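Nothing here was measured: the structure is a model prediction, and the numbers come from that model.
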Amino acid sequence: MKANSRKRKTKRTGWKSRTVKRCIDGDTLEMTNGDRIRLSKVRSPETYQKGGNKSTNVLRGMVNKCKKKIQYKPTSTKGSYNRIVAEVKNKDGSINERMRKKGYKSRGR
């Protein structure tokens, strides 16, 4: 039997693949299927607040760099505004971690 014809075992990790439709603000993404994902442990200003457009553009740059393909893993049940709170990553690594390094982090974390 050829090595390529064997079935590979895959682990269930809880990560889901999706395509981003748009960045709502600096910590929320809207998927093409209508789901809204809030980045876990990331806090950015709303778009109408000071620094809001900048944080949205930072997130948009991270997402667009990888052709809007992301993976996410829910960290809790749906939060406020019926959004999925999740860790999000793309081929460059964790988007949550990169946003926190840029200073967009929750208080006390």
Side-chain angles (χ1 to χ4, degrees):
M1 182 183 266
K2 292 181 181 178
N4 292 347
S5 64
R6 292 184 192 153
K7 289 186 177 179
R8 295 182 185 188
K9 292 182 180 178
T10 57
K11 291 183 180 179
R12 290 193 146 245
T13 59
W15 290 93
K16 299 177 184 181
S17 296
R18 294 287 185 266
T19 302
V20 176
K21 181 178 178 180
R22 68 184 180 118
C23 295
I24 295 172
D25 59 22
D27 56 17
T28 308
L29 300 168
E30 183 178 7
M31 304 295 110
T32 54
N33 68 351
D35 285 345
R36 289 187 176 197
I37 298 176
R38 176 150 186 340
L39 302 179
S40 175
K41 298 180 183 175
V42 174
R43 180 79 177 121
S44 71
E46 300 300 324
T47 50
Y48 59 85
Q49 294 175 328
K50 183 179 179 182
N53 284 329
K54 182 180 177 184
S55 66
T56 304
N57 288 333
V58 168
L59 180 60
R60 187 177 292 130
M62 291 179 189
V63 170
N64 287 342
K65 188 175 181 182
C66 295
K67 299 181 182 178
K68 298 186 177 187
K69 302 288 185 190
I70 60 128
Q71 290 183 319
Y72 73 94
K73 183 176 184 178
T75 57
S76 65
T77 58
K78 289 192 176 184
S80 59
Y81 305 105
N82 204 27
R83 298 177 294 187
I84 300 166
V85 180
E87 282 291 323
V88 179
K89 66 180 181 178
N90 58 15
K91 69 178 185 177
D92 292 337
S94 172
I95 292 174
N96 298 59
E97 184 63 32
R98 287 183 280 156
M99 287 297 286
R100 286 192 293 268
K101 284 183 179 178
K102 295 214 178 258
Y104 302 109
K105 50 188 162 186
S106 299
R107 291 181 183 95
R109 296 183 187 174

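Under the 3.5 Å distance criterion, with hydrogens and angles disregarded, no donor-acceptor pair is assigned to the side chains of R18 and T32. In the model, N53 has no side-chain atom that pairs as donor or acceptor with a side-chain atom of T56 under 3.5 Å.
Judged by distance alone, the side chain of S55 and the main-chain N or O of G52 form a donor-acceptor pair under 3.5 Å. Using modelled atom types, no side-chain atom of D92 and backbone atom of C66 make a donor-acceptor pair closer than 3.5 Å.
Of all non-hydrogen atoms in T19 and K69, the two that sit nearest each other are OG1-NZ, 3.3 Å. The two residues E97 and S94 have their closest heavy-atom pair at N-OG, 3.0 Å. Summarising the geometry of M62 relative to M99, their closest heavy-atom pair is CE-SD, 3.8 Å, with the distance given to 0.1 Å. Of all heavy-atom pairs between G14 and P74, the closest is O-CD, 4.1 Å. Considering every non-hydrogen atom in both V88 and L39, the closest pair reads CG2-CD2, 3.4 Å. The two residues K21 and K68 make their nearest non-hydrogen contact at O-NZ, 3.7 Å.
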* Is there a side chain to side chain contact (heavy atoms under 4.5 Å, CB included) between V20 and M31 once you walk through the steps? -> CA-CA 4 Å; V20 176; M31 304 295 110; 3.7 Å; yes

* Check step by step if side chain to side chain contact (heavy atoms under 4.5 Å, CB included) holds for K89 and Y72. => CA-CA 6 Å; K89 66 180 181 178; Y72 73 94; over 6 Å; no

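Rounded to the nearest 0.5 Å, atoms NZ (K91) and CD (Q71) are 13.0 Å apart. For the atom pair N96 CG and R38 CZ, the distance stands at 10.0 Å (nearest 0.5 Å). If you take CG on D27 and CZ on R100, they are separated by 12.0 Å, rounding to the nearest 0.5 Å. Atom-to-atom distance recorded for L29:CG and R22:CZ is 10.5 Å, nearest 0.5 angstrom. Rounding to the nearest 0.5 Å gives a distance of 14.0 Å between CZ of R98 and OH of Y104.
Of the charged side-chain nitrogens involved, none lies within less than 4.0 Å of a carboxylate oxygen, so that E87 and K73 do not count as a salt-bridged pair.
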